Number of protein chains: 2
Amino acid sequence: MLNETAMAVLEQAGATEPEKRIRDRSATERAIVKAAKNLLAEEGFQNFGINAVARRAGCDKQLIYRYYGGLNGLVEAIGADLGNWVKDRIPEDAGGMFLLTYGDLMERLSLLFLEALREDPLMRRIVAWEVSENTEQVKRLSEARSKALGQWLDRMRGSLAPPKGVDVAAVNALIFASIQHLVLAAAAGGQCAGLALKNGKDWEKAATALKRLVRGVYG
Amino acid sequence: MLNETAMAVLEQAGATEPEKRIRDRSATERAIVKAAKNLLAEEGFQNFGINAVARRAGCDKQLIYRYYGGLNGLVEAIGADLGNWVKDRIPEDAGGMFLLTYGDLMERLSLLFLEALREDPLMRRIVAWEVSENTEQVKRLSEARSKALGQWLDRMRGSLAPPKGVDVAAVNALIFASIQHLVLAAAAGGQCAGLALKNGKDWEKAATALKRLVRGVYG
DNA sequence: ACTGTTACTCACCGATTGGTGACAGACCGG
DNA sequence: CCGGTCTGTCACCAATCGGTGAGTAACAGT
C-alpha cells in the first residue's frame, strides 16, 4: 500500500504501476502504524512480524527499524494510543446522571465494556495476546490497558461510594475477566463453555446473564 | 530424549553418549505425545511445531508424520486424552453429599475448577490457544474440552434441581469464563485487570470474590 | 540363512523469518 | 552549484520452518 498522497499523484498522472513513493516520513510512519494495527486486528499476533507489517504497509522493513527501532518500538507506539481507547470507544457521558447506586453503575459499565470489546477486533487480539505470551512487548500493552481501564472505572464512579464489606477490586476483576473471556471465546469459536454466541439473540442472553451476575453482588 | 528403556540400557552399560534407539514403536509414540504435551505446556503454542516436538522427543520428525500423520493428528491424539481431564484432576466425590442447594454446588465446582486450572499449565495453554486461533486443530480441542466440562457439570449436579427463572447455561458460562480468564491472566502476567495474583493471599481474595459472585446469582 | 517388513535416520528441498549493509535519489543549506 | 542529510530500495545473510524421498538397521517368518 502506498501513501495516500502517492496514490493521488499516480492516479492523477494515469500511471498504471507504482513508480516512486512520495518522500513523506510522517505519512509513512502513519502508514506503518496503520498497517500494523490492521494486521494485528485481522491476522492476530501469530503472524505478526516485521516482514508482514512492511509488506502490508507497502514499504521496506528497514524503515520500521529506522523509525521505530524494530517491532518492539512499533508495538510500543501502538500501545501509546491504547490509553485513549476507552475514551474513543465509549461515550463519556454514558453514566453519572441516572445511576443512583454502585450496582447501577457497574451494570452499565459492564454492558458498555462488553459492547465496546465486541466491536473492536484489535483490542480483542491484544487481550488474547496478553494471556498467551509474557514478553516485554505484551507487558507494556497489558499495563497500558489495565491502567486505562482502572482510570476509566474511577472516573465513571465519580463520587459514588462503593459498597462496604466487599472486595470491589477483586469482584470487578472477575466481572471484567468474564466479559473478556466471553468475547474472546465468541470471536474465536462462536461459543463459550458450550454457550453459543453468534446471533444477536445469543448476545442478549449473555447480556442479561451478565446483568444478573452484577446485580447479584452489587444489590 | 530417549525411550526410558533405552536410557536404562545406556546407563547400565556405562555409555556416555546415546548410540542407538531401542526399536519400540509404542514407546516412541508415547515419547512423542509426552514431548508434545510438555512442549505445549512449557513453551506455549507459539513455538509449537513439528521440528520442536521431534527435537524434544529425541526422534526424527518423520516419525511424527508416519505415526500421527503430522501435527494435526498429534494434536488430535492429545485432545483425545482431554476428555478425562476433569476426572483426573478433580476428586469425583468432591460434591454430592453436603451440597443442599444449587448455589452450594456451583460454589464448590467453581473453586475446584479454579484450583485445577491453576495447577495445570497444559490446560492453561490450551485455553489460551482456543481464544487466540481458530484453526481446525484448536476447534477439536475446544470441543472436546467444553464437552467434557459440560458432562462434568451434569454429573456433579446429579438430581439437584437448577433454579428457575435463571438462564443457568449463560450464567455458568460467564462464571467459568471469569475463572479461565483470571487464571490465564495470572499465569501470563501475575495480575488480572489490575488485581495482583501472585501469592496465596491474592488467590484467597480472588476465591472469596468468586464465592460472592456465585452466591449472588445462586442464592 | 535368505527375504520382506518394520522402525528409524539422514540429507535435502523451497519458503520464510529477523536482521544488516550498501546504495540511489530527493531535498535543503551553504 | 555542491555537499550533506533524509527517505526509501535492494540484495543479501544465517537460521528455521514444514515437508519429502531415499537409505539403513533391526526384527520376524519361513
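Residue numbers begin at 1 in each chain, while the letters A, B, ... track the order of the sequences. Model, not experiment: these values are computed from the prediction. Any value given below was found using the heavy atoms of this structure, including those in side chains, with hydrogens, waters and symmetry copies removed.
Rounding to whole angstrom units, CZ of residue B:R25 and P of D:dA28 are separated by 16 Å. Rounded to an integer number of Å, the gap from B:D60 CG to D:dG19 P is 14 Å. Straight-line distance from the CD1 atom of A:I64 to the C1' atom of C:dT20: 15 Å, rounded to whole Å. Between the C1' atom of C:dT20 and the CD1 atom of A:I50 lies a distance of 12 Å, rounded to the nearest Å. Straight-line distance from the CG atom of B:L63 to the C1' atom of D:dA26: 14 Å, rounded to whole Å. Straight-line distance from the CG atom of B:N51 to the P atom of D:dT20: 13 Å, rounded to whole Å. Atom CG of B:N47 is separated from atom P of D:dA15 by 18 Å (rounded to the nearest Å). Between the CG atom of A:D24 and the P atom of C:dC28 there is a distance of 12 Å, rounded to whole Å.
With hydrogens and angles disregarded, a donor-acceptor distance shorter than 3.5 Å links the side chain of B:D24 to the backbone of B:A27. Side-chain atoms of B:D202 come within 3.5 Å of backbone atoms of B:K198 as a donor-acceptor pair (strictly under, hydrogens ignored). Between the side chain of A:R125 and the backbone N or O of A:E42 there is at least one donor-acceptor pair closer than 3.5 Å.
A heavy atom closer than 4.0 Å to some atom of DNA chain D occurs in A:R66, A:Y67, these being the qualifying members of residues 65-72 of chain A.
Under the salt bridge (Lys or Arg N to Asp or Glu O under 4.0 Å) criterion, A:E204 pairs with no residue, sequence neighbours left out. Listed by chain and residue number, B:R157 satisfy the salt bridge (Lys or Arg N to Asp or Glu O under 4.0 Å) test with B:D154 (two or more places apart in sequence, or in another chain).
B:W129 and B:F45 have parallel rings, their planes meeting at less than 30° on a 0 to 90° scale where 60° marks the start of perpendicular.
When each of C:dA7, C:dG18, D:dG19 is scored by its nearest atom to the side-chain atoms of B:R23, the top-ranked nucleotide is C:dA7. Comparing C:dT9, D:dT20, C:dG18 against the side chain of A:K61 picks out C:dG18 as the nearest. Comparing atom distances between the B:Q62 side chain and each of C:dC8, D:dG18, D:dG21 picks out D:dG21 as nearest. Side-chain atoms of A:R55 lie closest to C:dT17 of the nucleotides C:dG18, C:dT20, C:dT17.
Annotation: cation-pi geometry satisfied between A:R118 and A:W203 (NZ/CZ under 6.0 angstrom from ring centroid, within 45° of ring axis).
Put simply, B:T28 has no side-chain N or O that comes within less than 4.0 Å of OP1 or OP2 on C:dA7.
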